[in-house]
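One structure is given below, encoded as structure tokens.
Basis for what follows: all heavy atoms, side chains included, without hydrogens, waters or symmetry-related copies. So you know, we letter chains A, B, ... as the sequences are listed, proteins then strands, and number each from 1.
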Protein chains: 2
Amino acid sequence: MPTDPDFSLDEVDRQILAELQQDGRMTNVELARRVGLSAPPCLRRVRRLEEEGIIRGYHAELDPVALGYEITFFALVGLESQKEAVLSAFEGAVKEWPEVRECHMIRGGGDFLLRLVARDTAHENALTSRLTAAPEVARVQTLQTIRTAKDAAGVPV
Amino acid sequence: MPTDPDFSLDEVDRQILAELQQDGRMTNVELARRVGLSAPPCLRRVRRLEEEGIIRGYHAELDPVALGYEITFFALVGLESQKEAVLSAFEGAVKEWPEVRECHMIRGGGDFLLRLVARDTAHENALTSRLTAAPEVARVQTLQTIRTAKDAAGVPV
DNA sequence: GCTCGGTGCGCAATATCATTGCTCGACCCG
DNA sequence: CGGGTCGAGCAATGATATTGCGCACCGAGC
């Protein structure tokens with residue numbers, strides 16, 4: 001079990017998680033200062049959180065536009081079958097597409113919600129067509145993102 | 001201008017971005033080694049990428065379940081009006097809800113796609129009810145996440 | 001009331017890292 | 001061919017991460 005629904009998180013742990021979720025590159029010295037600990041026990045707590053899988057990793061957040069991805073959109077994809085083999089095949093296929101950033105199965109059936117990025121509208125259309133043309137895909141509804149009011153990673157702490 | 005659709009990114013820059021997107025806490029020494037630079041110029045490039053807003057920040061990725069959030073779901077929300085004041089009011093309201101992690105306006109009209117987290121199904125139901133009861137909300141369709149095949153943050157580099 | 005573990009903190013020392021100033025070579029333009 | 005710019009590497013310094021150790025606190029059992 002990578003993660004226990006364990007209650008081994010005290011107030012200091014939660015504060016550490018909140019700080020690192022907001023700024024994952026904070027130095028341990030600064031983190032320790034903020035949570036009111038000295039550096040060594042603070043670092044030991046961070047290591048423990050990492051080892052227990054509560055902290056899964058650290059990531060730089062990049063600007064999609066600067067990297068040439070002007071468009072973020074979602075796609076609701078319905079498959080023709082709900083057989084596990086078909087579902088897995090679809091997941092495996094889109095996992096290989098770099099433009100597909102997230103793939104969530106929803107409602108237990110043959111439906112998926114995908115988040116994708118595209119360089120421009122032509123690229124977006126190509127991706128949508130590629131989805132529609134994929135085997136077993138019955139319908140595709142794209143949800144174009146116009147503007148994003150909130151985009152907080154992770155969870156409240 | 002926070003971000004230029006600038007072509008000032010060479011191959012080394014892209015490699016730096018890819019590495020930091022994957023492991024945002026990598027030491028500069030290690031990063032330099034991987035991209036084939038010595039530490040100082042590597043650090044200077046990272047600083048430049050940060051200052052130009054191409055790197056927006058760094059975040060720890062936390063395990064929602066370990067923090068008591070068993071459920072992630074999406075909600076398609078339709079408003080009764082497309083007036084800008086109504087849209088903004090809705091955005092402003094859900095921005096204050098900690099369980100709402102993302103809020104995207106879609107299709108330019110009165111529709112939003114939200115990503116939410118909930119502690120359990122009761123909590124999820126309460127959130128859905130709260131959405132439905134919000135002013136100007138015409139309809140709410142929840143998309144429960146059954147399983148996630150891919151969840152890559154950011155963009156391909 | 002007292003002792004025995006167990007747990008978790010702070011201190012101090014050392015290895016590692018980040019950061020700065022400087023020099024040097026490659027390249028471009030006149 | 002000479003001045004200018006850009007970016008890399010080297011070396012030195014300050015800051016940080018990391019480890020080992022001793023001490024205080026807390027609960028259980030006698």
Side-chain angles (χ1 to χ4, degrees), chain A residues 1-63 65-68 153-154 157, chain B residues 1-63 65-68 153-154 157:
Chain A
M1 270 113 287
T3 52
D4 260 348
D6 213 335
F7 273 27
S8 53
L9 295 180
D10 63 13
E11 205 39 57
V12 176
D13 287 324
R14 289 184 180 275
Q15 205 177 340
I16 287 174
L17 293 174
E19 294 287 352
L20 287 180
Q21 183 166 248
Q22 218 210 341
D23 177 6
R25 269 214 132 171
M26 188 181 300
T27 68
N28 182 58
V29 169
E30 172 66 11
L31 180 61
R33 195 188 60 72
R34 293 198 187 192
V35 302
L37 244 54
S38 65
C42 182
L43 184 63
R44 282 190 286 260
R45 279 170 181 262
V46 172
R47 291 283 176 270
R48 201 207 81 188
L49 293 168
E50 289 168 354
E51 277 159 21
E52 293 191 359
I54 297 170
I55 296 177
R56 287 181 176 166
Y58 303 89
H59 307 283
E61 178 194 351
L62 307 183
D63 179 355
V65 174
L67 285 159
V157 182
Chain B
M1 275 115 289
T3 51
D4 260 350
D6 213 334
F7 273 27
S8 52
L9 294 181
D10 63 13
E11 205 40 55
V12 176
D13 286 324
R14 289 183 181 276
Q15 205 176 340
I16 287 174
L17 293 175
E19 295 287 352
L20 287 180
Q21 184 167 247
Q22 217 208 346
D23 178 6
R25 267 213 133 171
M26 188 179 302
T27 67
N28 183 59
V29 170
E30 172 66 12
L31 180 62
R33 195 188 61 72
R34 294 198 186 192
V35 303
L37 244 54
S38 65
C42 181
L43 184 64
R44 281 190 286 260
R45 280 169 182 261
V46 172
R47 290 284 176 269
R48 201 207 81 190
L49 294 168
E50 289 168 354
E51 277 159 22
E52 293 189 358
I54 296 170
I55 296 178
R56 288 181 176 165
Y58 303 88
H59 307 282
E61 179 195 352
L62 307 183
D63 180 354
V65 174
L67 285 159
V157 181

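Within the model, atoms CG of Leu49(A) and CD1 of Ile55(A) stand 4.5 Å from one another, a figure rounded to the nearest 0.5 Å. Distance check: Gln15(B) CD to Asp10(B) CG gives 10.0 Å after rounding to the nearest 0.5 Å.
Straight-line distance from the CG atom of Leu43(A) to the C1' atom of dC17(C): 14 Å, rounded to whole Å. Across the protein-nucleic acid pair, Arg44(A) atom CZ and dG20(D) atom C1' stand 10 Å apart, rounded to whole Å. Whole-Å rounding puts the Arg45(A) CZ to dT7(C) P distance at 14 Å. Between Arg47(A) atom CZ and dT16(D) atom C1' there is a gap of 12 Å when expressed in whole angstrom units. Nucleotide dT7(C) holds its P atom 15 Å from the CG atom of Asp10(A), rounded to whole Å.
Side-chain contact check for Leu31(A) versus Asp23(A): every heavy-atom pair is 4.5 Å or farther apart. Annotation: side chain of Arg34(A) is in contact with side chain of Met26(A) (closest heavy-atom distance under 4.5 Å).
Contact check of residues 19-39 of chain B against DNA chain C (heavy atom, cut-off under 4.0 Å) returns Thr27(B), Asn28(B), Val29(B).
Using a 4.0 Å cut-off between a side-chain N of Lys or Arg and a carboxylate O of Asp or Glu, Arg14(A) and Glu11(A) do not qualify as a salt bridge.
Neither side chain, Tyr58(A) nor Gln21(B), offers a donor N or O lying under 3.5 Å from an acceptor on the other.
Side chain of Arg25(A) to backbone of Gly24(B): a donor-acceptor contact under 3.5 angstrom is found.
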What do the steps show when you test His59(A) against Gln22(B) for side-chain hydrogen bond (donor to acceptor under 3.5 Å, both in side chains), and what is the final call?
CA-CA 6 Å; His59(A) 307 283; Gln22(B) 217 208 346; over 6 Å; no

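Neither OP1 nor OP2 of dG7(D) sits under 4.0 Å from any side-chain N or O of Arg48(B).
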Under a 3.5 Å cutoff on both atom distances, Watson-Crick or G-U, what's the dot-bracket for DNA chain D ([ ] crossing, | other strand)?
||||||||||||||||||||||||||||||

